[in-house]
Protein chains: 2
Amino acid sequence: MRADAQRNRDRIVEVARGVFKEKGYDAPLDEIARLAGVGPGTLYRHFPARENLIDAVQQELADRVNSMADKAIAHEGGPRERLLAWFEQYVELLTAHPGAAARVTTAMGDEASPIASKCKIYAGANTRVLAELRAEGAMRDGVDDLQVVRLVGGVAAIADQSRLGPEAIGPMLEVLADGVLKG
Amino acid sequence: MRADAQRNRDRIVEVARGVFKEKGYDAPLDEIARLAGVGPGTLYRHFPARENLIDAVQQELADRVNSMADKAIAHEGGPRERLLAWFEQYVELLTAHPGAAARVTTAMGDEASPIASKCKIYAGANTRVLAELRAEGAMRDGVDDLQVVRLVGGVAAIADQSRLGPEAIGPMLEVLADGVLKG
DNA sequence: AACGATACGGAGACAGTCTCCGTTTGGCAA
DNA sequence: TTGCCAAACGGAGACTGTCTCCGTATCGTT
């Protein structure tokens with residue numbers, strides 16, 4: 001890639017991160033182009049669809065999710081505490097950008113989605129936490145990893161769109177934990 | 001209301017029901033106006049916001065939800081079977097129109113929403129089912145009705161947007177049921 | 001320095017939302 | 001019936017956001 005093209009691409013992603021965080025994933029793309037000091041054509045050449053830009057912006061979140069999973073696994077307490085710690089971290093991550101939770105969770109399991117690579121990273125982190133619990137015999141039989149990541153993502157999506165706080169999210173995640181764990 | 005106004009309003013709702021069912025709740029309103037044989041101005045006078053039109057269209061669904069709850073309560077089997085029957089019926093209702101589940105569940109608990117009246121009806125039906133189970137002592141302590149209707153709505157929203165079938169939805173609802181019931 | 005490939009930018013086509021206002025219509029009162 | 005006017009209509013067009021096309025500029029190589 002030509003040096004000027006790389007520079008423009010980087011600036012677009014950087015600006016988009018800020019705008020998306022503030023205004024959500026439906027923010028006008030032409031405005032991002034303007035703030036990045038490039039024409040709309042340049043933005044659309046680098047990112048043919050909005051989802052491609054979202055994918056680039058989410059690299060930052062994907063970089064954090066695995067250390068989150070590690071922290072949850074190392075969390076003190078029984079399986080329920082560790083699972084809840086993971087759920088809470090994951091919801092917090094997904095609600096970092098308004099509109100992210102619904103998009104990510106919708107794309108989960110869809111290989112053709114432009115954000116499939118990020119979904120894979122999130123799903124992988126979730127699987128690591130669940131594998132740990134499953135090895136301890138704490139998980140109910142028949143519970144699938146993809147189901148769980150969709151359920152938690154669903155909670156995150158509702159929380160995001162309804163602007164729910166931790167006091168409303170916490171009890172919902174507890175229901176999920178009780179449904180996932182033997183008990 | 002003048003007779004011609006009432007006639008136009010009814011035709012708009014009727015046409016909107018068909019278009020929404022086919023194209024989802026984001027379908028162009030001007031197209032609905034055109035198909036109903038009225039100008040855009042007429043549509044927007046009757047329904048200042050899209051949500052107001054959605055509210056009118058959903059009257060049909062709201063009329064059905066209570067008999068669904070009755071059927072679930074009368075369902076043969078234990079608490080788990082009855083709760084699952086209700087969850088499945090509710091998800092089916094919410095996914096009858098693409099885009100409905102997310103909107104309804106997002107508005108749940110928000111008095112100011114234009115579709116608040118419909119949310120109240122759905123929430124009321126859910127509460128009736130849960131009250132029955134709670135009276136039998138089948139429910140876990142601390143589980144709130146609003147939480148449950150949001151969780152099931154979240155599943156419906158993800159199922160709607162990801163085009164999931166019953167084989168993917170069923171297991172998720174089982175996790176919810178296990179999290180809601182004593183077990 | 002010259003040149004060709006690569007990338008840029010912004011005008012503008014297009015789609016959907018929503019409003020404003022001149023025109024029409026329904027229903028009541030004389 | 002007729003006349004009146006409040007109520008309702010409709011559609012042109014302003015506005016916003018998406019996305020493309022193509023003449024122009026720039027990069028990096030020879």
Side-chain angles (χ1 to χ4, degrees), chain A residues 1-57 97-100 102-103 106-107 112-115 161, chain B residues 1-57 97-100 102-103 106-107 112-115 161:
Chain A
M1 183 181 294
R2 237 168 68 174
D4 55 342
Q6 185 67 59
R7 224 171 19 243
N8 280 327
R9 193 183 191 284
D10 292 346
R11 293 203 54 204
I12 291 168
V13 173
E14 188 187 351
V15 168
R17 182 141 36 223
V19 174
F20 282 164
K21 196 175 274 180
E22 194 190 341
K23 296 196 168 189
Y25 279 10
D26 292 324
L29 297 185
D30 280 21
E31 183 189 344
I32 291 172
R34 191 173 48 74
L35 290 173
V38 303
T42 299
L43 187 149
Y44 284 96
R45 195 169 333 99
H46 284 296
F47 306 101
R50 176 181 293 270
E51 301 286 305
N52 297 117
L53 180 52
I54 290 175
D55 187 67
V57 164
H97 301 169
R103 281 176 192 268
T106 294
S113 164
I115 60 171
Q161 284 159 23
Chain B
M1 184 181 296
R2 241 167 64 173
D4 55 342
Q6 183 68 58
R7 220 168 24 242
N8 280 328
R9 193 183 191 284
D10 292 346
R11 292 204 55 205
I12 290 168
V13 173
E14 189 187 347
V15 168
R17 183 146 28 229
V19 174
F20 282 164
K21 195 174 277 179
E22 195 191 338
K23 295 194 168 192
Y25 279 11
D26 292 324
L29 297 185
D30 280 20
E31 183 188 343
I32 292 172
R34 191 174 49 74
L35 290 174
V38 302
T42 299
L43 187 149
Y44 284 98
R45 196 172 329 98
H46 285 294
F47 306 100
R50 177 182 293 269
E51 301 284 306
N52 297 117
L53 180 53
I54 289 175
D55 187 68
V57 164
H97 300 169
R103 280 175 193 269
T106 293
S113 165
I115 60 171
Q161 285 159 23

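In what follows, chains carry the letters A, B, and so on, assigned in the order in which the sequence lines appear, proteins first and then strands, with residues in each chain numbered from 1.
- At a threshold of 4.5 Å between non-hydrogen side-chain atoms, the residues A/Leu35 and A/Glu31 count as touching.
- When each of C/dA7, D/dA12, C/dT17 is scored by its nearest atom to the side-chain atoms of B/Pro40, the top-ranked nucleotide is D/dA12.
- Two residues are said to be in side-chain contact when any heavy atoms from C-beta on lie closer than 4.5 Å; B/Tyr44 and B/Leu53 fail this criterion.
- When each of A/Ala3 and A/Pro48 is assigned the nucleotide of DNA chain D bearing its nearest heavy atom, the one mapping closer to the 5' terminus is A/Pro48.
- For the pairing with A/Tyr25, the side-chain hydrogen bond (donor to acceptor under 3.5 Å, both in side chains) check across A/Arg50, A/His97, A/Arg103 returns one residue only, A/His97.
- With hydrogens and angles ignored, no donor-acceptor pair closer than 3.5 Å exists between the side chain of B/Asn8 and the base of D/dC9.
- The base of D/dT26 lies close enough to the side chain of A/Arg2 for a donor and an acceptor atom to sit less than 3.5 Å apart.
- Between A/His46 and C/dC8 there is a side-chain polar atom (N or O) within less than 4.0 angstrom of OP1 or OP2.
- Side-chain N/O atoms of B/Thr42 include one lying less than 4.0 angstrom from OP1 or OP2 on D/dG10.
- Among the heavy atoms of the strands lying under 4.0 Å from A/Arg45 is at least one base atom, whether or not backbone atoms are also near.
- C/dC8 atom P lies 11 Å from atom CD of A/Gln6, rounded to whole Å.
- For B/Tyr44, the listed nucleotide lying nearest its side chain is C/dT19; candidates were C/dA7, D/dC19, C/dT19.
- When the nucleotides C/dG26, D/dC19, C/dT17 are ranked by their closest atom to the side chain of B/Arg7, C/dG26 comes out on top.
- Contact of the A/Asp55 side chain with the A/Phe47 side chain is not registered, since no non-hydrogen atoms from C-beta on lie closer than 4.5 Å.
- Residue B/Ala33 is out of contact with every strand shown, counting any heavy-atom pair closer than 4.0 Å.
- Among the heavy atoms of the strands lying under 4.0 Å from B/Pro28 are primed sugar atoms or P, OP1, OP2 only; no base atom is included.
- Candidate nucleotides C/dT17, D/dA8, C/dC8 were compared by shortest atom distance to the side chain of B/Ala5, and D/dA8 ranks first.
- By the 6.0 Å contact criterion, CD on A/Gln6 is enclosed, its count of non-hydrogen atoms from other residues, nucleotides or ligands being greater than 12.
- Backbone-only engagement by B/Asp4 is indicated by non-hydrogen atom pairs under 4.0 Å involving sugar-phosphate atoms exclusively.
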